[in-house]
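This report concerns only the one structure given below.
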There are 2 protein chains.
Amino acid sequence: MPSPDTDAQARRPEQPQREERAHRILDAAAELILRWGYDKTTIDDVARSAGVAKGTIYLHWKSREALFAALLRRDRVAMLEQVRNAVAGPGGVTPRDLYRHLALALMARPLVRAALLGDTEVLGKLIRQKPKVQTVEAVRSLAGIYLTTLREHGAIREDLTPVEQVNMISATMYGFFVITPQMPEEYQVSGERLADLLAETLHRALDSGRTLSPEQSAAITRATLAYLDRGLGLARDRLHLSLTTSDMGKDYVR
Amino acid sequence: MPSPDTDAQARRPEQPQREERAHRILDAAAELILRWGYDKTTIDDVARSAGVAKGTIYLHWKSREALFAALLRRDRVAMLEQVRNAVAGPGGVTPRDLYRHLALALMARPLVRAALLGDTEVLGKLIRQKPKVQTVEAVRSLAGIYLTTLREHGAIREDLTPVEQVNMISATMYGFFVITPQMPEEYQVSGERLADLLAETLHRALDSGRTLSPEQSAAITRATLAYLDRGLGLARDRLHLSLTTSDMGKDYVR
DNA sequence: CCATGACCAGATGTGCTTATCTGGTCATCC
DNA sequence: GGATGACCAGATAAGCACATCTGGTCATGG
């Protein structure tokens with residue numbers, strides 16, 4: 001028999017000012033983690049930088065890890081929303097558009113990128129102790145489903161298995177994000193151009209080359225948007241868990 | 001005025017048994033570095049494992065670094081020879097053949113791979129202290145030349161600059177070699193298949209798609225073999241420096 | 001109620017000493 | 001002449017005492 005108090009607290013909608021404070025804290029955390037890395041970013045720093053007391057942070061999240069999980073989740077939602085908005089126009093959406101805007105959005109979100117790439121420089125112990133990043137696994141799985149759908153609509157080639165294609169996509173994206181920033185001066189290419197290059201590479205590697213009927217194109221647009229919305233929905237759910245008082249990040253397995 | 005002694009020593013051809021011993025030492029070093037990494041592989045270990053005294057190693061190379069440089073160079077030559085032999089058949093050689101055999105040869109040579117990828121796990125301080133791996137820069141430069149040649153023969157597309165294409169190739173290869181071994185069990189793909197995948201990806205990303213005349217194809221075969229032979233020549237020269245008594249690895253900049 | 005910050009235990013870092021290891025040399029011997 | 005391995009200085013690791021830091025708690029006050 002649950003106590004009425006707890007239930008009331010759990011159901012109480014997040015007050016706007018409280019949510020605003022949560023975001024202020026996350027903003028501070030984002031800046032600090034990008035400048036100093038996870039290991040060297042303390043709760044005290046975050047509190048001071050956000051203009052709140054340390055205890056206040058624990059009114060929002062139950063641990064340091066939960067706070068940073070919320071931060072990553074927020075950034076992930078923002079990233080996906082950026083992609084969603086970018087492809088939101090009236091015309092059709094091709095897988096290639098998705099690749100390109102995904103690349104652009106990832107380039108603009110160092111934290112999501114770090115999580116996806118397993119960058120220990122930024123994420124430190126958050127990654128080192130649990131190399132099993134569940135996010136990456138989920139992304140792979142979703143990608144596999146998306147590829148299968150595209151395949152059914154004749155958009156991508158069928159002489160490679162989805163598993164092989166997931167390998168190919170993972171490798172190519174990883175390589176682009178890790179290597180291109182390390183290239184010497186004279187090989188540097190602008191971010192816009194890199195996104196084009198990456199999209200082009202994936203497109204050429206995956207595309208069936210068939211000319212699609214308007215119906216097929218429409219189906220692919222729908223599938224692409226559905227895929228994006230599905231990811232966005234999952235990401236929003238996770239973020240919601242991280243921002244809701246009743247949960248406070250308990251779902252974040254240590 | 002050089003001393004006659006030094007000249008005589010420098011010109012003296014390497015005795016076969018001496019060279020055999022050098023290779024035995026390198027064999028031992030190879031096994032140890034792959035098992036324990038550079039940092040934990042000592043000269044004593046190598047000497048014991050090769051069945052020679054420590055001083056003997058210094059009759060071949062003037063320092064530990066020079067020994068391991070020789071090792072990497074030997075492996076690099078072997079890798080390129082593998083590629084060279086693989087494409088040596090009577091028929092023509094396409095860039096795609098080159099990509100594929102390069103991938104296969106690299107997969108079979110962990111040391112060359114480690115050097116190219118900058119793997120600190122294996123190479124340790126050998127890399128950490130001088131992140132400027134001159135080899136990588138040389139490879140990029142040669143690749144650029146090769147791409148330009150291919151372009152002149154109409155084999156690869158012209159709507160991307162060579163710099164962009166070098167980025168694309170670097171990123172894709174890097175990603176394949178780093179990510180695919182880290183994929184979870186259910187996504188594992190055989191080495192053969194991965195080489196196909198990588199070659200396919202590069203081919204599709206770079207190929208002009210034009211149908212080439214027999215003359216053009218022959219020119220591309222020649223260019224590819226010339227490129228390979230040029231790399232092999234350079235690699236052999238470097239290896240020779242590392243195995244010749246007169247030099248003993250002095251060229252290896254610390 | 002909720003925000004605060006003093007407080008604490010455990011983690012992390014620091015400086016130092018001691019011990020061990022190891023790259024490189026060279027007198028010795030074959 | 002060439003191979004050896006004892007030898008040494010400097011590097012690296014291990015141990016340790018001490019100081020500092022930091023995640024998380026909670027009594028207090030508004």
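Note on naming: letters A, B, ... go to the chains in the order of the sequence lines (proteins, then strands), and numbering restarts at 1 for each one. Computed from a predicted structure; not experimentally measured.
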- Message: Nearest to the A:Ala53 side chain among D:dG23, C:dT4, D:dT4, which nucleotide is it?
- Response: C:dT4
- Query: So, B:Arg84 and B:Asp229, do they make that salt bridge, N to O below 4.0 Å?
  - Reply: yes
- Item | Whole-Å distance separating the CZ atom of A:Arg21 from the P atom of C:dC1 | 16 Å
- Message: In this structure, how many angstroms lie between the C1' atom of D:dT4 and the CG atom of B:Asp44, rounded?
- Response: 13 Å
- Query: Counting heavy atoms not belonging to B:Arg230, are there more than 12 under 6.0 Å from its CZ?
  - Reply: no
- Of A:Thr56 and A:Lys40, the one whose closest nucleotide on DNA chain C sits nearer the 5' end is A:Thr56
- Report yes if the side chains of B:Met173 and A:Ile179 come closer than 4.5 Å at any heavy-atom pair, otherwise no. no
- Nucleotide D:dG24, atom P - distance to NZ of A:Lys62 in whole Å: 8 Å
- Query: Taking atom C1' of C:dT22 as reference, at what distance in whole Å does atom OH of B:Tyr38 sit?
  - Reply: 12 Å
- Task: Measure the distance from NE2 on A:His60 to C1' on C:dC2 and round it to the nearest whole Å.
- Result: 10 Å
- Query: Of A:Thr42 and A:Gly55, whose nearest nucleotide on DNA chain D comes first from the 5' end?
  - Reply: A:Thr42
- Query: Has A:Lys125 got a side-chain N or O lying under 4.0 Å from the OP1 or OP2 atom of C:dA11?
  - Reply: no
- Message: Let's see if you can work this out: which of C:dA3, C:dT25, D:dG23 has an atom nearest to the side-chain heavy atoms of B:Tyr58?
- Response: C:dT25
- Item | A:Lys54 (side chain) and D:dG23 (base): donor-acceptor pair under 3.5 Å | yes
Donor-acceptor pairs under 3.5 angstrom involving side-chain atoms of residues 25-37 of chain B: please list them, not counting sequence neighbours.
from, atom 1, to, atom 2, distance (Å)
B:Asp27, OD1, B:Arg74, NH1, 3.0
B:Asp27, OD1, B:Arg74, NH2, 2.8

- Message: Rounded to whole Å, how long is the line connecting atom CZ of B:Arg18 with atom C1' of D:dA3?
- Response: 11 Å
- Can you tell me the distance, in whole Å, between the CG atom of A:Asp45 and the P atom of D:dG23? 8 Å
- Sequence-distant partners of A:Asp45, salt bridge (charged side-chain N to carboxylate O under 4.0 Å, His left out), two or more places apart: A:Arg48
- Item | Separation of atom CD1 in A:Ile43 from atom C1' in C:dT4, rounded to whole Å | 15 Å
